[in-house]
Number of protein chains: 2
Amino acid sequence: MAVNLPLPDPAALKPVPGIELGYAEAGIRKANRKDLLVMRLAPTATVAGVFTTNRFCAAPVQVCKAHLEGQRISEAPIRALVVNTGNANAGTGDAGLVHANETCVAVGGLLGCEPSQVLPFSTGVILEPLPVDRIKAGLPQAVANLKADNWYAAAETIMTTDTQPKAASRTVQIGGKTITLTGISKGAGMIRPNMATMLGYVALDAKVPQPALDRLVKQAADKSFNCITIDGDTSTNDSFILIATGASGVEIADVDTPEYAALAEAVIALSQELAQMIVRDGEGATKFMTIVVEQGATVEECRRIAYSIGHSPLVKTAFYASDPNLGRILAAIGYAGVDDLDVSKINLYLDDVWVAKNGGRNPDYKEEDGQRIMKQSEITVRVKLGRGAESATIWTCDLSHDYVSINADYRS
Amino acid sequence: MAVNLPLPDPAALKPVPGIELGYAEAGIRKANRKDLLVMRLAPTATVAGVFTTNRFCAAPVQVCKAHLEGQRISEAPIRALVVNTGNANAGTGDAGLVHANETCVAVGGLLGCEPSQVLPFSTGVILEPLPVDRIKAGLPQAVANLKADNWYAAAETIMTTDTQPKAASRTVQIGGKTITLTGISKGAGMIRPNMATMLGYVALDAKVPQPALDRLVKQAADKSFNCITIDGDTSTNDSFILIATGASGVEIADVDTPEYAALAEAVIALSQELAQMIVRDGEGATKFMTIVVEQGATVEECRRIAYSIGHSPLVKTAFYASDPNLGRILAAIGYAGVDDLDVSKINLYLDDVWVAKNGGRNPDYKEEDGQRIMKQSEITVRVKLGRGAESATIWTCDLSHDYVSINADYRS
């Protein structure tokens, strides 16, 4: 199903010294599937995160934020993360907060740390009570198999409607030493992250002080998870977490150093890869679309127009059908809310094919050229606004029958 | 396919003295279907319209606006409207304007009026040249069958992906006399009107001075066509036109009179009926949903939340599946962009079933109660925000496999 997304090669997923991962089949929603993940961090690790802006943010997101704030004061570092699928623990009121905290108490008890040193995450159905007893019952199994090279299994564990696990590694040379980065992510619907996506984790073994890591997680999210959309629905549970274990001994002194720049480049590249994996495995996706809006007066207006195109059900169904019904793209540009847009300056390209020239059909455009591009599985839509020098890029997928099937059947 | 939408009874569609309608099969896109409509107005008629806010507004919309402005100066009243389906004449640049004007010249020649006294409308595919020669060739046939009781055929003529014609009549007593109102509309995709919908026409036989009619058309649009959404796509061609023929001899002196209030009530009711018909016949619709957001601080925030729910593909597919996966509604409320929303004050109802209480699942809510409501073909979603006294209501439909099929196949 996924668009040009090979399964990750387990052998290519590099362990990151300073982090171990363990999983369990806890039967949270369905039997016989991995649904509970524990990550144990070295005491030298720093952790930073960005979270959904949804006002109905889930109980675990609220607890995560509180624990990340708390460690700045207590200087007792985050030692573990715990993730369950099958239930989002969102729209669950005070009971949800109690359940998220109970989970942290249980993890802390098993790993010998304070509950406040544990970050909890949940993903799945909203508005249903978290089966916390099943989570507590499953935790010993997850802790028992904590291993540094469990990244593939970890990626499998956090899947919901994803058709395949999403994970990638890379390395970067800093100060003559090799820093290893490995990350996992999951989608695959309710994807229009506003701070981050549901869920992404990237670990690396440099030592990064908290302020630098806080900045890096935002930079990376803004250039990766905050540039994708599948259905325009911003989840209640979006979380993107960056972990610097420090185990390599390489320390990033400051954000103004070449070392920080090199690390940031690697983190952003890995985050983009993980974010694009979510789009390639978007619910029902058959096409991967890159939408580039150039020559805008502001980045904000470029993003607005890019999302207007990327969210339009009519544009998405035309791509699904490989039908060059490209006037729908002009319509989406036109209703994006950029009030002073001069449409006579707009040019539209599909890959290398010039479709609309100065706001109207390019006289040289031939239907068969558009058709040729639309049949591809990867397509770049490029819009030139002719009003400035700013630009923005987002990644999205098409809207297919399978999207409807998957979401009509999600709870069954 | 349409949701609880009986075919209009041709006998119940009342002629409005002062307006005649004629149609033709001009073969604009497909052979053997009515695709060209002419409406001829009495010289006493006043006409007002509201149009799409899409920046890529179609050539005929630009010409309509210019001709409506022009008549205020020239005092040469609008005498005819001409509507074609099969081609939107949008994204067509200067050639589109030439074609729209050519159409007006041809109609004026046949009816003996100036081109500037004709309003042109187009609906159909965007970014393709208007086959104006076929329109000009079809016009004599349309003019030849101009009749006062052609409303049913007129409603058929303006259909695109609509599965059935949309038309309604009503009467209102003003000053002891009967005023007749008849209107037609069409959808059925690219529907998220921002000033009006694509297309709605209401005619009545009171005499309404231009300033009062200008006000009335905006009032009616805001309470009807501006409260519906099917897919969130605002069309390039949305137009809602109100025609007061004056043929009854009843004159509305001013907007501050009881006569204006009575007429406004009737126009708004008829416009709501026509707008709701568009939703009931939304592309692939199987459910008709009324979304009411109450206790808001402003009408704007209530509308924003209502549209966030109404546009969510996840909410729409859950309704299609009759699956009470109602946490998706909370998620849509949460990402609507009302930044200071206190979710602990929010209550959610499905018809009479209290689903979420103070931001969490209502302890008394039973899945089977939600299931019972979700199986209905008409459902009211009611959200109480607990932060004010304002409210808003919108109407929408679900997202089905057929929506995808219809829009993947639209041009074939």
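Lettering of chains follows the sequences in order, A, B, ..., and the numbering in each one begins at 1.
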Can A:S122 and A:N84 be counted as having a side-chain donor-acceptor contact under 3.5 angstrom?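 Yes, A:N84 and A:S122 have a side-chain donor paired with an acceptor closer than 3.5 Å.
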Looking at chain A, which one of [options] has the largest number of heavy-atom pairs inside 4.5 Å, strictly under?
| options | answer |
| --- | --- |
| B:G93, B:S312, B:G337 | B:S312 |
| B:L399, B:D339, B:D340, B:I329 | B:D339 |
| B:A331, B:A321, B:G96, B:G360 | B:A331 |

If I measure from the heavy atoms of chain A, does [X] come under 4.5 Å with its side chain, its backbone, both, or neither?
| X | answer |
| --- | --- |
| B:I346 | side chain |
| B:A90 | neither |
| B:V355 | side chain |
| B:D94 | neither |
| B:D398 | neither |

Between chain B and each of [options], count heavy-atom pairs under 4.5 Å; write down the option with the most.
| options | result |
| --- | --- |
| A:P313, A:G91, A:A58 | A:P313 |
| A:S322, A:A95, A:G327 | A:G327 |
| A:I333, A:L341, A:D342 | A:L341 |

Where the side chain of [X] meets the backbone of [Y], is there a donor-acceptor pair that is under 3.5 Å apart?
| X | Y | value |
| --- | --- | --- |
| A:N362 | A:K357 | no |
| B:R328 | B:V315 | no |
| A:D162 | A:T160 | yes |

Could you check whether A:E368 pairs with A:R372 (Lys NZ or Arg NE/NH1/NH2 to Asp/Glu carboxylate O, under 4.0 Å)?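 Salt bridge between A:E368 and A:R372, a charged N being under 4.0 Å from a carboxylate O: no.
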Evaluation steps, side chain to side chain contact (heavy atoms under 4.5 Å, CB included), between B:D238 and B:N54: CA-CA 9 Å; B:D238 291 344; B:N54 193 310; over 6 Å; no
Do the rings of A:W354 and A:Y349 sit parallel, tilted or perpendicular, given the 30° and 60° boundaries? parallel
Using the six-membered ring wherever Trp is involved, compare the ring planes of B:H401 and B:Y320 and label them parallel, tilted or perpendicular (cut-offs 30° and 60°).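 If you compare the ring of B:H401 with that of B:Y320, the planes turn out perpendicular.
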Heavy-atom distance under 4.5 Å to chain B: side chain of A:N358, backbone, both or neither? neither
